[in-house]
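Before any comments, here is the structure.
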Amino acid sequence: MVCSLAESYQNKSAIYDSARPSYPLPAIEFIHNQLDLSSGLPVLDVGAGTGILTRQLALNGIPVVGVEPDPQMLAKARAGTHAPNASFRNATAEQTGFASGSVSAVVCGQSFHWFDPGKTQAEFRRVLATANPVFLVWNIRSPDCDGFHRDYEQLLLNQFERYEETLQIDQCLEDRLRQFFEGPYEERTFVNSQQLSASGLLERTMSCSYAMLVGTPEYDSASRALNALHQQYRQNDVVSMIYKTRVVYGRL
């Protein structure tokens, strides 16, 4: 039985934490500047994964609680986060387990596209203090900014059978955003990048939901293709992976 893409992060917590990009500091500061933390209520990071965004928010002085349903991701987040103003809980976007009106804002890093928009909207409205904001954040790879990115996109299409499923999710995202906010929302974008060695490019790719696990023939085939691509485009032994960090924000 084929698992859903959302479930396919099982056993990927270590590679996800080491390979995924962090968020650019200007994006973190932008979120911070929109917050009213005078109530003393924490910010809720929903779908926190291994705590990448949670840690960055906490280091910027924001009290934050990360919510994550996957036990391996949650364990990795707890082990790797030492800021006193950050903690984690096992829960979902649709059922966070927080009391009504108990959080000052909600952030979702690289996660909103996995949620049920209607149920999540109702839950966020319940837990948010009055008229407080929601921030939806993604590092979005630039698929056609240069030859490397165009060839990398084609490699994903050729090597990963389930990659097209993620493209279909992307195509539905704007409708999901309109359904979720039911009113005006705003957007800011920021530049982000990773410098990847050959092993870094492999790990970054294999951390994705559509990628197969080590030991499968598909993994071996994709590894060879990624290594060849890296050899073709590397400069000083690295390739640059370019992202647009998208911050969509509004009030519910």
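Remember, it's a predicted structure, so these values are computed and weren't measured experimentally. These numbers come from the heavy atoms of this one structure, side chains and all, not from hydrogens, waters or symmetry mates.
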Looking at [X] and [Y], what are the two nearest heavy atoms and their distance?
X      : Y      : answer
Pro133 : Arg251 : CD-NH1, 3.5 Å
Trp138 : Tyr23  : C-CE2, 4.4 Å
Ala198 : Asn227 : CB-OD1, 4.0 Å
Gln121 : Leu252 : O-CD1, 4.1 Å
Pro69  : Thr92  : CB-CG2, 3.9 Å
Met212 : Tyr219 : CG-N, 3.2 Å

Starting at [atom1] of [X], measure out to [atom2] of [Y] and round the result to the nearest 0.5 Å.
X      : Y      : atom1 : atom2 : value
Ile62  : Asn85  : CD1   : CG    : 9.0 Å
Gln110 : Thr245 : CD    : OG1   : 8.5 Å
Gln56  : Ile52  : CD    : CD1   : 8.0 Å
Ile28  : Leu53  : CD1   : CG    : 5.0 Å
Phe160 : Leu155 : CZ    : CG    : 6.5 Å
Tyr152 : Met241 : OH    : CE    : 4.0 Å

Side chain [X], main chain [Y], donor-acceptor under 3.5 Å:
X      : Y      : value
Arg55  : Thr50  : yes
Gln194 : Ala19  : yes
Lys12  : Cys208 : yes
Thr81  : Ala77  : yes
Glu94  : Asp116 : yes
His230 : Leu201 : no

Does Gln159 form a side-chain hydrogen bond (donor to acceptor under 3.5 Å, both in side chains) with Ser221? I'd like the steps, not just the answer.
CA-CA 7 Å; Gln159 294 288 333; Ser221 174; 2.9 Å; yes
Same apolar cluster (I L V M F W Y, side chains within < 4.5 Å links), [X]/[Y]:
X      : Y      : result
Ile140 : Ile169 : yes
Trp114 : Leu177 : yes
Leu156 : Met206 : yes
Leu74  : Ile15  : no
Leu167 : Tyr210 : yes

Note, [X] side chain near [Y] side chain (heavy atom, < 4.5 Å):
X      : Y      : answer
Val43  : Val103 : no
His113 : Asp170 : no
Leu128 : Val106 : yes
Val239 : Leu196 : yes
Tyr249 : Val134 : no
Val248 : Phe135 : no

Verify the neighbour count for atom [atom1] of [X]: are there more than 12 heavy atoms of other residues, nucleotides or ligands below 6.0 Å?
X      : atom1 : answer
Gln95  : CD    : no
Gln231 : CD    : yes
Glu161 : CD    : no
Glu187 : CD    : yes

Between Glu153 and Arg150, does a salt bridge (Lys or Arg N to Asp or Glu O under 4.0 Å) hold up when you go through it step by step?
CA-CA 5 Å; Glu153 183 74 9; Arg150 287 189 291 272; over 6 Å; no
Kindly indicate whether a cation-pi arrangement holds for Arg234 with Phe148, taking the cut-offs as under 6.0 Å to the six-membered ring centre and within 45° of the axis.
no
Within 45° cone of Phe88 ring axis and under 6.0 Å: Arg78 NZ or CZ
no
Could you check whether Tyr243 and Phe190 have their ring centres less than 6.0 Å apart?
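No - the distance between ring centres of Phe190 and Tyr243 does not fall below the 6.0 Å cut-off.
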Determine, using ring centers only, whether Phe180 and Phe112 are less than 6.0 Å apart.
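Aromatic pair counts; centres sit under 6.0 Å.
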Check against side-chain contact (heavy atoms from CB on, under 4.5 Å), Glu164 and Leu157:
CA-CA 7 Å; Glu164 290 193 13; Leu157 288 166; 3.9 Å; yes
Ion pair check, Glu182 and Arg176, cut-off under 4.0 Å:
no
Is it true that Arg89 and Asp45 make a salt bridge, defined as a side-chain N closer than 4.0 Å to a carboxylate O?
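So Arg89 does not pair with Asp45 through a salt bridge.
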Gln154 and Asn158: CA distance, side-chain angles, deciding distance, side-chain hydrogen bond (donor to acceptor under 3.5 Å, both in side chains) verdict
CA-CA 6 Å; Gln154 190 61 52; Asn158 293 343; 3.0 Å; yes
Could you go step by step and tell me if Ser100 and Arg126 meet the side-chain contact (heavy atoms from CB on, under 4.5 Å) rule?
CA-CA 5 Å; Ser100 298; Arg126 186 185 68 79; 3.3 Å; yes
Sort out for me which residue in Ser22, Pro24, Pro26, Ser142 forms a side-chain contact (heavy atoms from CB on, under 4.5 Å) with Asn192.
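With Asn192 as partner, side-chain contact (heavy atoms from CB on, under 4.5 Å) holds for just one option, Pro24.
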Residues [X] and [Y]: side-chain donor-acceptor under 3.5 angstrom:
X      : Y      : result
Asn132 : Ser104 : no
Arg246 : Thr189 : no
Tyr233 : Asp146 : no

Leu136 and Tyr185: side-chain contact (heavy atoms from CB on, under 4.5 Å), yes or no, with the steps?
CA-CA 11 Å; Leu136 311 177; Tyr185 56 88; over 6 Å; no
Walk me through whether Asn90 and Asp70 qualify under side-chain contact (heavy atoms from CB on, under 4.5 Å).
CA-CA 8 Å; Asn90 178 256; Asp70 182 274; over 6 Å; no
